[in-house]
Structure formats: structure tokens, C-alpha cells
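All remarks here apply to the structure that follows.
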Amino acid sequence: MNSVSFNFFSVNEVLNIAERKSVPLEPFALGVLKEMADSDGQINRFSLITQEADEMKFSLDLSSLDSLRFQEDHSQVRLGINNFTVATLVNLFGVVAEEAARRCMEQTGDKVRACISKIDLSRNMVSGKSLLWFKFIEGAEEASCGGLQTRVSLPILAQIEELKMDKTWVSSLGLKFACLLKKLKSLSLDFCPRVDSVLNPHVSSIPSLEALSIIGTTMSIGNEEMRNLAAKFPHLTSLEYSQKPSSSALPQKVLGITDPITLSTVIDPVLFECGHLTGRSEADQMGKCYSQCHSKVIGAFKPLLTRLEKIGDRWQVRLIDFKRRNLSGATFYHDRCGALFTSETVREIFDSFKSGESCQSGEELPLCPACIANPLTGMPVPMQLIKVYPEETPLSVDERSQSMATLYQQSEYIIC
């Protein structure tokens with residue numbers, strides 16, 4: 001296939017396509033469309049990701065739009081309007097993708113198809129009904145999904161490979177027909193307070209899913225959860241989540257770090273004033289930091305982000321920072337939300353704060369982005385960080401809690 005340069009569509013071009021293809025736009029959807037454009041009227045939120053063989057794949061970014069954001073009006077009416085608007089725009093840009101393929105064929109003579117393979121709806125007041133709203137055609141059977149009328153056209157849903165719905169009103173029930181996303185490889189549901197569990201019976205199995213992120217949700221990860229995740233998503237190779245105690249009161253291992261005293265996975269880790277970490281039992285026995293700095297315990301250490309990743313034929317576990325970076329060099333911890341930050345991430349946040357991009361008048365420190373992202377932590381607070389010294393567990397370690405052949409193994413020792 002001959003490659004062809006892709007220029008962003010302007011608002012006027014999209015409106016012309018909508019008129020030619022008889023795609024109706026309500027005033028609210030029109031307002032969101034205009035908000036998506038830059039100062040030159042170009043919609044760079046709709047962009048070409050890859051162009052391979054006879055296919056063009058596009059990304060549609062509808063995240064953090066003022067017209068769709070969380071506002072004081074949390075009514076179901078407003079949520080319904082937002083959901084309908086998102087569905088309208090997704091359908092519209094599906095038509096725009098087809099227009100891009102047509103233009104490509106005119107330039108190259110090659111037969112080309114186009115699709116939207118990535119959608120980002122994060123940080124908006126929308127729910128699963130924005131994509132997966134449905135009603136049954138009378139007489140059709142639910143199990144086959146053949147009797148559904150969906151708000152977004154089925155051909156568009158069937159081509160989506162990556163979906164981000166972080167900090168939205170999506171719920172477990174709203175994912176009932178996620179099976180319609182037949183090619184979905186990556187799903188992100190971070191900080192969604194209404195996602196109690198992706199293992200809820202309402203959530204359909206997604207056999208194609210490879211990467212799942214559920215950081216900051218109310219879902220706990222324990223014995224049964226790990227076992228069921230492995231069964232429900234058989235091709236999963238990456239899981240990002242928040243380690244939380246199970247319903248039992250037993251001590252809990254926190255994966256990814258090693259206790260310097262026991263030289264095994266740390267159990268109920270606590271943090272000393274000096275930034276060192278050890279298990280609660282060991283700290284109580286010693287009465288002071290093991291490093292002989294005579295500092296006292298200041299509280300429990302509860303890391304917010306953990307990644308389980310399949311490397312080769314084994315699963316490996318590691319703690320990661322707020323921007324999904326591996327920990328390296330200096331590491332900083334915000335005890336209010338449990339987020340870790342590398343020095344690189346801290347530098348980026350403070351540089352942005354000093355430039356005024358995220359500055360609030362009168363603030364001496366930037367607000368913690370992890371607290372802002374997490375609706376469960378309450379009001380955002382300044383980044384008053386503690387330098388910590390977690391002893392990361394080497395990925396080559398033989399201990400089963402850090403390196404596993406299957407996710408089923410995880411359930412055997414996540415609770416000690």
C-alpha cells in the first residue's frame with residue numbers, strides 16, 4: 001500500500017461530512033465538536049495512529065471536555081445527555097474515518113478501509129451507556145447479542161482495540177455487553193467509583209483483552225479475584241491495580257518490595273520517619289528503624305499502583321509511579337493517597353506548576369495529581385512528599401509471590 005499524508009479535519013469539513021451522510025447533530029453535540037477544535041479550527045483530537053497494509057486506524061480523544069465534565073449537576077438527565085452526545089460523536093467520526101479512507105483511495109488507487117481503534121472518554125461525566133447502551137429486539141435471544149440495538153453502531157464497536165474510561169461514571173453493570181468490543185485489547189477503568197468489580201456477573205467476558213487497569217477502584221484483589229480474573233480474561237498479559245486487604249483480617253503481603261529484615265515479601269509494611277520500610281511485626285519488635293537512625297513509625301505503607309506483567313512465560317510484579325514509570329533512583333511517597341513518584345515525575349509536576357499550567361493562586365506547592373484523580377480520597381491536597389527507600393524485589397527472584405507461572409498462583413499467597 002502506498003502511504004499518504006493525513007491532515008486533521010476541520011470543524012467545517014466534519015460538518016459538511018455530517019450533512020452529506022445525513023448524520024444529525026443536536027446543538028449540544030455541535031458545541032462539543034467545536035470544543036474539540038484548536039484555535040485554527042482543526043480537530044487534532046481525531047488522529048491517525050497507524051496505516052498498515054489496507055487499513056487506517058484512528059484515535060478519538062473525547063477526554064476532559066468542559067461540556068462533558070463533572071459539574072454540580074449530577075442528575076441523570078445531564079448524564080443521559082452526555083452519553084447521547086458521546087455516542088453521536090463516535091458515530092460521526094466513524095463516518096469521518098470512512099471519508100479519510102475514501103480520500104486515501106483517491107490519492108493512491110489502493111483499496112483502503114478505516115476504523116476507530118482507540119477511544120478515550122476519561123474525566124467526563126459519562127457512563128457505559130455512552131457506548132454500550134442497548135435495547136432488545138423483541139423475540140431475539142440475549143446470549144447471542146444478535147438481538148441488540150446499540151447506540152453506537154456495531155461495526156464501530158467491533159473494531160475498538162483500546163478504551164479508556166478513567167474517572168467516569170461507568171459501572172460494572174454498564175460493562176454488561178463489553179463482549180461487543182470483539183477486538184478490545186486494552187481497557188482502563190482507573191478511579192471509577194462505581195466499578196465495584198470487573199468480576200461482577202454483569203460484566204461480560206472479554207476473551208481478546210490483554211491489558212486491564214483498575215487502579216483506585218473499590219475493587220479489592222484477593223484469592224478469589226485473582227483466580228477469576230485468570231478465567232474471565234484468558235489472554236491477559238498486564239494488570240495494573242491497587243493492592244488492598246481482602247475481606248479477611250489476616251496479615252497481607254504487599255507485592256513488589258522485600259522486607260530487609262526477613263528478606264522475603266514484606267507483610268503489613270510500615271513507614272519510618274526516615275523513609276525506610278519493614279513489616280509491622282518486625283517494627284514492633286525492634287521499636288525503631290532497623291537502619292539504626294532511631295526514627296519512629298509514622299504509619300502504614302499502602303502503595304497505590306502495582307503492575308503484574310507477563311514476561312515470557314512468567315508473571316512478574318513491580319510497584320510503579322503515578323505516571324506508570326518503573327521506580328528508579330530517588331522515590332517519593334504521598335501518604336494521603338499512596339502514590340509513588342520518581343524524581344523525573346516530580347520534576348515534571350513542579351515544572352508544570354511553576355509555569356502556571358496547574359498553579360492555583362496562593363498555593364506554594366502543586367496539588368497532588370493522584371489525589372485529584374481519585375474521587376475516593378476527598379479534597380485534593382498539596383504534594384507534601386516523603387522520600388522513601390523501598391527495597392524492590394528483583395524480577396529474577398524465585399519466591400513465588402514475585403514471579404508466577406499463572407495468575408492462579410497469585411491467589412495462593414497474596415494473603416499470607
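For the residue pair Ser10/Asn12, the side-chain donor-acceptor check at 3.5 Å is not satisfied. Judged purely by distance below 3.5 Å, without hydrogens or angles, the side chains of Asp61 and Ser63 pair a donor atom with an acceptor atom.
The shortest side-chain heavy-atom distance between Leu163 and Met165 falls under the 4.5 Å cut-off. The shortest side-chain heavy-atom distance between Gln384 and Arg336 does not fall under the 4.5 Å cut-off. Residues Leu305 and Asp321 form no side-chain contact, since every pair of their non-hydrogen atoms from C-beta on lies 4.5 Å or further apart. Inter-residue side-chain proximity for Trp169 and Met125 is flagged as met; some heavy-atom pair is nearer than 4.5 Å. Counting heavy atoms from C-beta on, the side chains of Leu60 and Arg45 never come closer than 4.5 Å. Residues Ile298 and Asp335 are not in side-chain contact: their nearest non-hydrogen atoms beyond the backbone lie 4.5 Å or more apart. For the pair Glu344/Arg325, a side-chain contact is recorded, criterion being any heavy-atom separation below 4.5 Å from C-beta on. The side-chain heavy atoms of Leu236 and Leu212, taken from C-beta on, include a pair separated by under 4.5 Å.
Here Ser171 pairs with Leu173, Arg194 under the side chain to side chain contact (heavy atoms under 4.5 Å, CB included) rule; sequence neighbours left out. Judged as a side chain to side chain contact (heavy atoms under 4.5 Å, CB included), and not counting sequence neighbours, the contacts of Lys57 are Thr50, Glu55, Cys115, Ser117, Glu161.
Between Phe8 and Phe46, the distance separating the two ring centers is not shorter than 6.0 angstrom.
Shown here for Leu340 and Pro303, the closest heavy-atom pair between the two residues is CD1-CB, 4.5 Å. Shown here for Ile257 and Pro390, the closest heavy-atom pair between the two residues is CG2-CB, 3.8 Å. Across all their heavy atoms, Leu367 and Pro382 have their closest contact at CD2-N, 3.9 Å. Nearest heavy-atom pair, Pro366 versus Phe350, reported as atom, atom and distance to 0.1 Å: CD-CE2, 3.5 Å. Closest heavy-atom contact between Gly279 and Val266: N-CG2, 3.6 Å. Across all their heavy atoms, Thr168 and Leu121 have their closest contact at CG2-O, 3.4 Å.
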Subject >> Evaluation steps, side chain to side chain contact (heavy atoms under 4.5 Å, CB included), between Arg307 and Leu239 >> reply: CA-CA 6 Å; Arg307 176 185 291 146; Leu239 172 65; over 6 Å; no
**OP:** With side chain to side chain contact (heavy atoms under 4.5 Å, CB included) as the test, would you mind laying out the steps for Thr262 and Glu282 before giving the verdict?
**Re:** CA-CA 8 Å; Thr262 64; Glu282 288 70 30; 3.4 Å; yes
Subject >> Pair Thr393-Leu255, side chain to side chain contact (heavy atoms under 4.5 Å, CB included): steps then yes or no >> reply: CA-CA 8 Å; Thr393 308; Leu255 308 181; over 6 Å; no
**OP:** May I have the step-by-step check of side chain to side chain contact (heavy atoms under 4.5 Å, CB included) for Lys183 and Gln159, ending in yes or no?
**Re:** CA-CA 6 Å; Lys183 292 186 179 180; Gln159 297 300 319; 3.1 Å; yes
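Distance check, rounded to the nearest 0.5 Å: CD of Gln243 to OG1 of Thr306 gives 3.5 Å. Taken from CZ in Phe191 to CD1 in Ile215, the straight-line distance is 6.5 Å, to the nearest 0.5 Å. Between Glu240 atom CD and Leu189 atom CG the span is 12.0 Å, to the nearest 0.5 Å. Annotation: the span from Leu187 atom CG to Leu175 atom CG amounts to 6.5 Å, rounded to 0.5 Å. Rounded to the nearest 0.5 Å, atoms NE2 (His334) and SG (Cys368) are 5.0 Å apart. Expressed to the nearest 0.5 Å, how far CG of Leu308 lies from OH of Tyr241 amounts to 4.5 Å.
Ser242 places a side-chain N or O within donor-acceptor distance of the main-chain N or O of Leu304, the cut-off being under 3.5 Å. In this structure, Ser130 contributes its side chain and Val86 its backbone to no donor-acceptor pair below 3.5 Å. Remark: the backbone N or O of Val112 is not paired with any side-chain donor or acceptor of Asp110 at under 3.5 angstrom. For Asn124 (side chain) and Leu65 (main-chain N/O), a donor-acceptor pair under 3.5 Å exists by modelled atom type. Under a 3.5 Å cut-off, the side chain of Thr88 and the backbone N or O of Phe84 do form a donor-acceptor pair. Checked by atom type and distance alone, the side chain of Arg318 never pairs as donor or acceptor with a backbone atom of Glu309 at under 3.5 Å. Here the side chain of Thr85 pairs a donor or acceptor atom with the backbone of Ile81 at under 3.5 angstrom. A donor-acceptor pair under 3.5 Å is absent between the side-chain atoms of Asp259 and the main chain of Leu263, judged by distance alone. A side-chain donor-acceptor contact under 3.5 Å links Glu35 to the backbone of Ser67. The main-chain N or O of Gln252 is found under 3.5 Å from a side-chain atom of Asp268 such that the two form a donor-acceptor pair.
Of the charged side-chain nitrogens involved, none lies within less than 4.0 Å of a carboxylate oxygen, so that Glu210 and Lys310 do not count as a salt-bridged pair. Ion pairing of Arg123 with Asp190 is absent here, as no side-chain N (NZ or NE/NH1/NH2) approaches a carboxylate O to less than 4.0 Å. Remark: Lys164 engages Asp166 in a salt bridge, criterion side-chain N to carboxylate O under 4.0 Å.
In Glu348, the CD atom is crowded: over 12 heavy atoms of neighbouring residues, nucleotides or ligands sit closer than 6.0 Å. Crowding of Lys182 atom NZ: a count of heavy atoms from other residues, nucleotides or ligands under 6.0 Å not exceeding 12.
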Return a table of donor-acceptor pairs under 3.5 angstrom between the side chains of residues 90-101 and protein atoms on other chains or two or more places apart.
unit_1: Asn91; atom_1: OD1; unit_2: Ser153; atom_2: N; d: 3.1
unit_1: Asn91; atom_1: ND2; unit_2: Ala87; atom_2: O; d: 3.2
unit_1: Asn91; atom_1: ND2; unit_2: Arg151; atom_2: O; d: 3.0
unit_1: Glu99; atom_1: OE1; unit_2: Arg20; atom_2: NH2; d: 3.4
unit_1: Glu99; atom_1: OE1; unit_2: Arg102; atom_2: NE; d: 3.0
unit_1: Glu99; atom_1: OE2; unit_2: Arg102; atom_2: NE; d: 3.4
unit_1: Glu99; atom_1: OE2; unit_2: Arg102; atom_2: NH2; d: 2.6
unit_1: Glu99; atom_1: OE2; unit_2: Arg103; atom_2: NE; d: 3.1

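With Phe301 as the fixed residue, the ring pair (Phe, Tyr, Trp, His ring centres under 6.0 Å) test singles out one of Tyr333, Tyr389, Phe272: Tyr333.
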